[in-house]
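To start, the structure itself, in structure tokens.
Chain letters run A, B, ... following the sequence lines, proteins first, then strands; residues in each count from 1. As the structure is a prediction and not an experimental result, all values here were calculated from the model. For the numbers below, each heavy atom of this structure counts, side chains included, while hydrogens, waters and symmetry mates do not.
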Amino acid sequence: MKFAEVILPVPIPKSFCYVIPSQLDLEVLVGHRVLVEFGNRKMYTGIVSEIHETEPEKYIPKPILEVLEVEPSVNASQIKLWQWVADYYMCSIGEVLNVALPSGLKLSSQSYIQIHPHFIIEENLEQLSDREFTLMSYLEKEQTIPYTQVGEILEIKSPYKTIKNLIEKEAILLIEKIKERYKPKMEKRIRLSQQYADQPDSLDDLFKLLSKRQKQEDALLKYLSLVPIHEDYLTNFHGVAKREFLHVGRPLSPSSVGTMTKNGIFEEFERQIPRFELSVADKMQPTPVLSPAQKECLQKTIQGLSEKNVCLLHGITGSGKTEIYLQLIKSVIENGEQALFLIPEIALSSQLVKRLKVYFGDVLGIYHSKFSDNERVETWKGVQEGQFQVIVGTRSSLFLPFSDLSLIIVDEEHDSSYKANDPAPRYQGRDLALVLAHMHHAKVVLGSATPSLESFYLAVKNKYAYAGLHERFGDAQLPEIKIIDVKAKRKQKKMKDDFSDDLLHILHQNTEQGYQSILFQNRRGYSPYVTCDVCNWVPTCPSCNVKLTYHIYRNEIRCHYCGHKEHVPHTCVSCGSTEMKTVGLGTQKVEEELKTYLPEVRVGRLDLDTTRRKHSYDQILTDFEQGHIDILVGTQMITKGLDFDNVRVVGIINADTMLYFPDFRAHERAFQMLTQVSGRAGRRGETGTVILQTQQPSETLFAKVARNDYHNFYRKEIKDREQYHYPPFTRLIKLTIRSEKQDLTHDAANYLGRLLVNWLGQKRILGPQEPGINKIRNYYLSEILIKLEREGIDLKKAKGLIQKAIYQQKEEKPFKRVWVSIDVDPQ
DNA sequence: AGCACGCCGACT
DNA sequence: GTCGGCGTGCTC
Ligand SMILES: [Zn+2]
Ligand SMILES: [Zn+2]
């Protein structure tokens with residue numbers, strides 16, 4: 001007998017053993033998607049991770065029900081990668097599967113109830129209680145009802161007993177429905193029936209036959225003009241797309257074509273077509289020619305990669321790193337190997353995709369979270385079948401089924417969207433890229449104008465190769481950055497709301513001269529908060545310990561953590577005053593103020609609120625690119641994406657907000673963000689200007705941004721990190737303890753903290769400590785930070801002890817309803 | 001994570 | 001008594 005270890009998408013840290021039934025004996029392979037029953041009746045797709053002959057001793061394994069494919073969807077190196085992620089990020093391999101596999105490839109069953117075929121309600125009325133009768137009447141109308149909806153219908157919380165009773169009475173049946181899986185996109189096509197296609201002479205007879213039927217004759221003529229079967233009868237085999245046949249050029253009557261199909265003149269058939277538009281070969285262009293500086297940098301990168309596995313490409317904003325990536329990718333394609341081009345979530349605009357398509361054509365695949373399930377499955381299959389040699393995508397493309405990967409590029413490697421947050425696995429895409437590359441013996445290029453401290457440190461330590469690109473492309477110069485003292489300006493009465501006279505003046509002048517500007521305010525919405533003018537009371541969320549955020553367009557206040565919303569209060573809950581006002585500054589208000597002070601200027605806005613719909617982000621970028629917008633107001637979103645040649649001025653409304661995050665990375669992030677946003681100013685031979693407004697003009701970080709002085713920023717920051725034992729000198733693991741009672745969270749966190757102190761030592765444990773936001777969705781939170789040395793420590797053993805401590809805490813009776821989540825390398 | 005099942009208190 | 005809420009433990 002043969003058995004298969006199957007990975008299932010559940011947060012249980014092991015695989016499950018199933019019997020391979022004898023009739024499937026030769027079919028099941030490692031990496032196959034298989035259908036199995038799990039629990040009482042629920043069905044899941046799992047991935048076979050191992051095939052063996054060791055019979056389990058303690059239980060009788062269930063059989064594999066179905067093998068869902070001929071070629072395995074997952075290859076062996078992917079399973080190895082999943083296991084690495086599960087071990088390193090301390091989660092179950094099932095959770096890894098859950099994010100790795102596109103949902104189009106994961107099917108699971110849902111339970112439904114339906115009326116038992118032999119049961120007649122009218123004849124069994126006395127058997128049914130009121131509630132049971134309600135449910136049965138519902139079933140008569142609806143045929144089947146999902147199990148999960150029964151509770152809602154009956155307005156009770158646990159429908160289980162009602163359902164169980166009805167099953168015993170043989171009134172209903174439980175059935176399992178499996179959700180639809182991936183659907184290939186099909187196209188209806190039309191061709192001439194075999195008999196006419198094979199013998200062109202018979203067409204004459206056909207024309208005679210149709211001579212009295214004008215519309216049918218038209219259709220035949222149109223077909224022959226689209227499909228030249230008289231030149232090559234084989235062309236009939238592929239026929240013509242029905243859509244094109246009916247609607248392109250002179251339209252045909254669908255009903256007459258239908259009649260001809262019924263009469264056996266035409267035949268209809270279906271063909272699978274790709275979801276992605278194929279590019280036309282003649283639109284393709286060679287990759288752009290490099291400047292001398294870019295060439296030199298490319299050489300350094302190639303040289304570096306011959307000595308090290310990773311090269312840090314440190315190129316200032318506007319230096320043209322992308323062109324260097326293109327060259328590297330090109331040579332990968334020429335060698336017949338695969339390349340992965342990772343970019344931050346938001347930077348994957350359709351502009352970028354179009355640009356890359358022009359260079360790489362149909363070997364380019366795209367993988368993105370805004371894609372539909374079906375599109376993602378198609379990219380997955382394209383990589384697997386070798387159609388796509390280059391993938392541009394966000395961090396989840398690390399899980400695609402590569403077989404021959406030789407290069408990974410991580411663009412804007414410092415970007416925080418490479419870190420996956422809430423559902424486990426909480427992986428860092430940049431780090432995982434290194435692991436994936438290692439498995440494939442591939443090389444990695446980390447590119448950034450403002451490298452993360454971790455990466456730069458490793459380059460300094462000679463673990464990574466380093467290639468610098470310190471001049472801008474073309475004749476462009478770095479922008480001139482002017483620091484404006486907002487406090488002083490206010491005293492001089494030179495502020496209009498949030499704009500200094502200098503900023504307004506330069507914006508006005510720049511627009512007059514036909515150039516564009518960008519305004520940066522790292523907060524969306526109008527005025528973020530509502531407050532009482534008398535006592536400063538601020539409405540907070542009933543479920544979370546956060547202030548509610550004001551949204552002007554609905555005149556309501558909302559919680560960003562749980563979605564709770566309410567109307568703006570007219571009176572203060574604390575003192576009864578009716579003097580409620582809004583405070584704080586969001587992009588929406590910046591936009592409004594701008595329109596007041598510069599009424600003739602066309603203003604656009606780019607933030608989460610204006611880009612919710614699928615194509616709105618691309619639309620705003622296009623409008624800006626084509627000059628329909630003079631000034632674009634935005635959040636950090638505008639620091640990413642495409643470069644705009646016509647932007648000469650960047651205004652930073654309030655640079656201070658970023659400095660005060662209670663987080664050891666606050667300065668790093670502020671430096672990166674300010675540098676990136678400043679870098680939007682001045683390309684193509686013109687020197688740009690940046691106006692940076694602040695309350696603290698003497699803050700040294702701003703001076704470093706102004707001088708584009710990464711090295712001094714790095715030296716100061718790395719010293720602090722070393723002194724306070726933060727990465728890259730230590731590894732951090734953050735434990736978050738959650739429960740519904742504040743005391744319970746507190747006690748559980750203390751218990752866990754004591755265990756960890758005993759097992760790992762006092763100096764490695766920070767906390768427990770309540771985070772700034774100590775309640776989310778009615779769960780109270782506490783955090784423990786574990787600091788482990790980078791070297792000279794058995795990391796596996798330490799993680800084992802942490803896991804053991806969490807299990808031991810969970811074993812304690814009072815802590816059954818306490819949850820602990822683990823974040824390895826938190827951001 | 002689901003889901004089954006058993007115990008306990010509220011309400012016929 | 002009975003029924004629904006809720007806590008607990010298991011899943012190959
Ligand atoms: Zn008040
Ligand atoms: Zn909330």
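- Looking at residues 814-822 of chain A, you'll see A:K816, A:R817 sit with a heavy atom under 4.0 Å from some atom of DNA chain C.
- Taking A:E5 as the reference, nothing meets the salt bridge (Lys or Arg N to Asp or Glu O under 4.0 Å) condition, with sequence neighbours excluded.
- One finds the CD atom of A:E556 at 7.5 Å from the NE2 atom of A:H551 (value rounded to the nearest 0.5 Å).
- A cation-pi contact, defined as under 6.0 Å to the ring centre and within 45° of the axis, links A:K799 to A:Y88.
- Distance A:K58 NZ to C:dT11 C1': 16 Å, rounded to the nearest Å.
- Ranked by how close their nearest DNA chain C nucleotide is to the 5' end, A:I12 and A:T162 are led by A:T162.
- If you check every strand for non-hydrogen atoms under 4.0 Å, A:E5 touches nothing.
- In this structure, CZ of A:R41 is placed 14 Å from C1' of C:dT11, rounded to the nearest angstrom.
- Applying the salt bridge (Lys or Arg N to Asp or Glu O under 4.0 Å) test to A:D87 and every residue at least two apart in sequence or in another chain returns nothing.
- Residues passing the ring-ring contact (aromatic ring centres under 6.0 Å, His included) test with A:Y367, sequence neighbours excluded: none.
- Here A:P56 lies out of heavy-atom contact (under 4.0 Å) with every strand.
- Within the structure, a side-chain polar atom (N or O) of A:K157 is placed less than 4.0 Å from OP1 or OP2 of C:dC6.
- Across all strands shown, A:K161 has heavy atoms under 4.0 Å from base atoms, whether or not it also approaches the sugar-phosphate.
- Applying the side-chain hydrogen bond (donor to acceptor under 3.5 Å, both in side chains) test to every pair with at least one member in residues 804-819 of chain A, sequence neighbours left out, gives these pairs: A:E740-A:R817, A:Y751-A:E812.
- Taking atom CD of residue A:E155 and atom C1' of nucleotide C:dG5, one finds them 16 Å apart after rounding to whole Å.
- A:F133 pairs by the ring-ring contact (aromatic ring centres under 6.0 Å, His included) definition with nothing, not counting sequence neighbours.
- Rounded to whole angstrom, the span from the CD atom of A:E811 across to the P atom of C:dC10 amounts to 10 Å.
- Judged by the 6.0 Å and 45° rule, A:K42 forms a cation-pi pair with A:Y44.
- Under the rule for a salt bridge (Lys or Arg N to Asp or Glu O under 4.0 Å), the partners of A:R430 that lie at least two apart in sequence or sit in another chain are A:E413.
- Using a 4.0 Å heavy-atom distance criterion, A:L8 is classed as making no nucleic acid contact.
- Considering only residues two or more places apart in sequence or on other chains, A:E770 meets the salt bridge (Lys or Arg N to Asp or Glu O under 4.0 Å) condition with none of them.
- Protein chain A touches strand DNA chain B; the 5'-most and 3'-most nucleotides with an atom under 4.0 angstrom of its non-hydrogen atoms are B:dA1 to B:dC7.
- Separating the NE2 atom of A:H52 from the P atom of C:dC12 is a distance of 15 Å, rounded to the nearest angstrom.
- Atom OH in A:Y160 sits about 18 Å away from atom P in C:dG7, given to the nearest Å.
- Here A:F3 lies out of heavy-atom contact (under 4.0 Å) with every strand.
- The base of C:dC12 is paired with the side chain of A:Y59 by a donor and an acceptor separated by under 3.5 Å.
- The separation between A:N40 atom CG and C:dT11 atom C1' is 9 Å, rounded to whole Å.
- We find that CD1 of A:I156 is positioned 6 Å from P of C:dG5, with the value rounded to whole Å.
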